Amino acid sequence: MGIPFGGTPGAWNAVTDVPGVEVGYATLIDGDGPLRPGRGPVRTGVTAILPRGRAGVARPCAAGWFSLNGNGEMTGTTWIEETGSLTLPVAITNTHAIGTVHRGLIDWVVENRPELAREWLLPVVGETWDGYLNDINGAHVRTTHAAAAVDAARSGPIEEGSVGGGTGMNCYAFKCGSGTASRVVEYESDGYAVGVFVQANFGSRRELVVAGVPVGAQLLADNPMEEADRFAAPGAGSMIVVVATDAPLLPGQCTALARRVPLGLARTGTTGSHFSGDLFLAFSTANPGALTSTMDSGGAAYEQLRFVPWGRMDPFYEATVQATEEAVLNALTANADMTGRDGHRSPALPHDRLAELLRESGVRLGRR
């Protein structure tokens, strides 16, 4: 749509602009009509994010996390707080599949990296609720789908919208789901990428802001999710955001990036609903090997970390905020209408009407 955003995107404008990061999906769409508990309709899936790709699963990254609202779940975060590191693939799915996907990631490690499975495995799995469109109580997501998402992970351009864990999700009462964006940060003589991936399932229609223009109040027509049956409280749903960078950061600085995510979300209008679990993870792929831990006492006695001084973190904060805002809008604009369980319909964001509202407010639309 050519909506203007601040900052310079990477080559793919995706979290995969961070070298080594790979993303994979398992998308499950099946059936329509009335809800048949345990049998569908199905509108769900699994997303896998691999910080160092499949080949680098054993090499930890500095990591931190932040909770804006704990009405949700992200496993493995207490271990991240303890060690400041992230080793395994990260997965995102629906609320009631989080245990299955957790087990699926463990199964993948046991099968593909058995040496890691000799110690404990505490995968990070996040969730958002897709029960408006999906038979969320059915056991449709299986452990094999988590493994399939990991095996499908690739670098390069990422498909957005109703794919992977974002398949059945809604945002500002429009069809939403998976979205991504990136920014390039020039630092001294080096260039770094900050990439953001979102599973967007939050916000009330009236709140929506695009490019600084409060358009939600003028897009209230065709709002079945909030008006027809009040299936969920306006603004409910949840938000998972993963921030990646190749800039050398300390674990505490990764946490600081995660704390900036809500500023990007706020630019899209949300005020943070009580019924929206908003959980954010950030990691740095720099300093490979420096955070490796093992029960073998024969390892190195000391390690070193190279990092950006705290007083020079502002460009990375700015990149995080900019990429988060755009990733949400990318998830919204990449979608089409979807109908799921019991005929529940989630309409796509109307591009033509949105463009008209933006132009009327003086926003110049164009291509980068």
Side-chain angles (χ1 to χ4, degrees), residues 12-18 20-31 40-55 57 74 88-98 100-105 107-109 112 123-130 133-136 139-171 175-182 195-201 237-244 281 327-328 330-336 338 340 346 348:
W12 297 309
N13 195 24
V15 69
T16 47
D17 283 313
V18 178
V21 173
E22 296 177 352
V23 175
Y25 297 125
T27 301
L28 307 177
I29 298 176
D30 185 51
V42 181
R43 306 286 188 274
T44 195
V46 182
T47 298
I49 301 174
L50 283 64
R52 301 188 190 278
R54 280 184 300 280
V57 164
M74 181 180 283
L88 301 176
V90 175
I92 320 174
T93 187
N94 79 59
T95 307
H96 294 178
I98 198 166
T100 301
V101 172
H102 190 277
R103 179 71 243 183
L105 291 184
D107 289 348
W108 185 90
V109 173
N112 293 275
V124 174
V125 184
E127 54 76 29
T128 61
W129 184 83
D130 59 13
L133 293 170
N134 178 50
D135 174 22
I136 193 170
H140 305 294
V141 176
R142 301 172 184 170
T143 56
T144 52
H145 294 128
V150 174
D151 285 333
R154 300 288 186 274
S155 183
I158 299 175
E159 186 179 359
E160 296 174 287
S162 296
V163 289
T167 299
M169 304 303 169
N170 308 279
C171 185
K175 188 67 193 75
C176 205
S178 303
T180 190
S182 70
V196 170
F197 185 95
V198 306
Q199 184 164 296
N201 194 53
S238 294
M239 180 69 168
I240 299 293
V241 180
V242 178
V243 182
L281 172 72
V328 172
N330 286 344
L332 275 168
T333 57
N335 260 295
M338 179 178 283
S346 182

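Predicted model, so just to flag it, every value in this text is computed and none were measured. Sequence positions, counted from 1, serve as the residue numbers for this chain.
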To the nearest 0.5 Å, what is the distance between [atom1] on [X] and [atom2] on [Y]?
X: I49; Y: I240; atom1: CD1; atom2: CD1; answer: 10.0 Å
X: S346; Y: M338; atom1: OG; atom2: CE; answer: 8.5 Å
X: L332; Y: N170; atom1: CG; atom2: CG; answer: 10.0 Å
X: S162; Y: L133; atom1: OG; atom2: CG; answer: 8.5 Å
X: T333; Y: K175; atom1: OG1; atom2: NZ; answer: 12.5 Å
X: I158; Y: Y25; atom1: CD1; atom2: OH; answer: 5.5 Å

Please assess T95 against I136 for the test side chain to side chain contact (heavy atoms under 4.5 Å, CB included), listing each intermediate value before the final yes or no.
CA-CA 8 Å; T95 307; I136 193 170; 4.2 Å; yes
Contact summary for [X] and [Y], nearest pair of heavy atoms:
X: C171; Y: V328; result: SG-CG1, 4.1 Å
X: A331; Y: C176; result: CB-SG, 3.6 Å
X: G156; Y: T16; result: O-OG1, 2.6 Å
X: V18; Y: G195; result: CG2-N, 3.8 Å
X: S178; Y: T47; result: OG-OG1, 4.2 Å
X: V241; Y: M239; result: CG2-CE, 3.6 Å

Do [X] and [Y] have side chains that get closer than 4.5 Å, going by heavy atoms?
X: M74; Y: V125; value: no
X: W12; Y: P157; value: yes
X: L105; Y: V150; value: yes
X: R103; Y: V101; value: no
X: I92; Y: F197; value: yes
X: V141; Y: N94; value: yes
X: V23; Y: V15; value: yes

Spell out, as yes or no, whether a donor-acceptor pair under 3.5 Å connects the side chain of [X] to the backbone of [Y].
X: R52; Y: E22; result: no
X: D17; Y: S182; result: no
X: N330; Y: T180; result: yes
X: R142; Y: G104; result: no
X: R154; Y: D151; result: yes

Considering the options T93, D130, T27, T167, which one meets the side-chain hydrogen bond (donor to acceptor under 3.5 Å, both in side chains) requirement together with T44?
D130
Side chains of Q199 and T128: do they bring a donor and an acceptor to under 3.5 Å?
yes
Take L281 and V243, measure what side chain to side chain contact (heavy atoms under 4.5 Å, CB included) needs, and give me the verdict at the end.
CA-CA 6 Å; L281 172 72; V243 182; over 6 Å; no
Using a 6.0 Å cut-off, check whether atom CZ of R54 has over 12 heavy atoms from anything other than its own residue.
yes
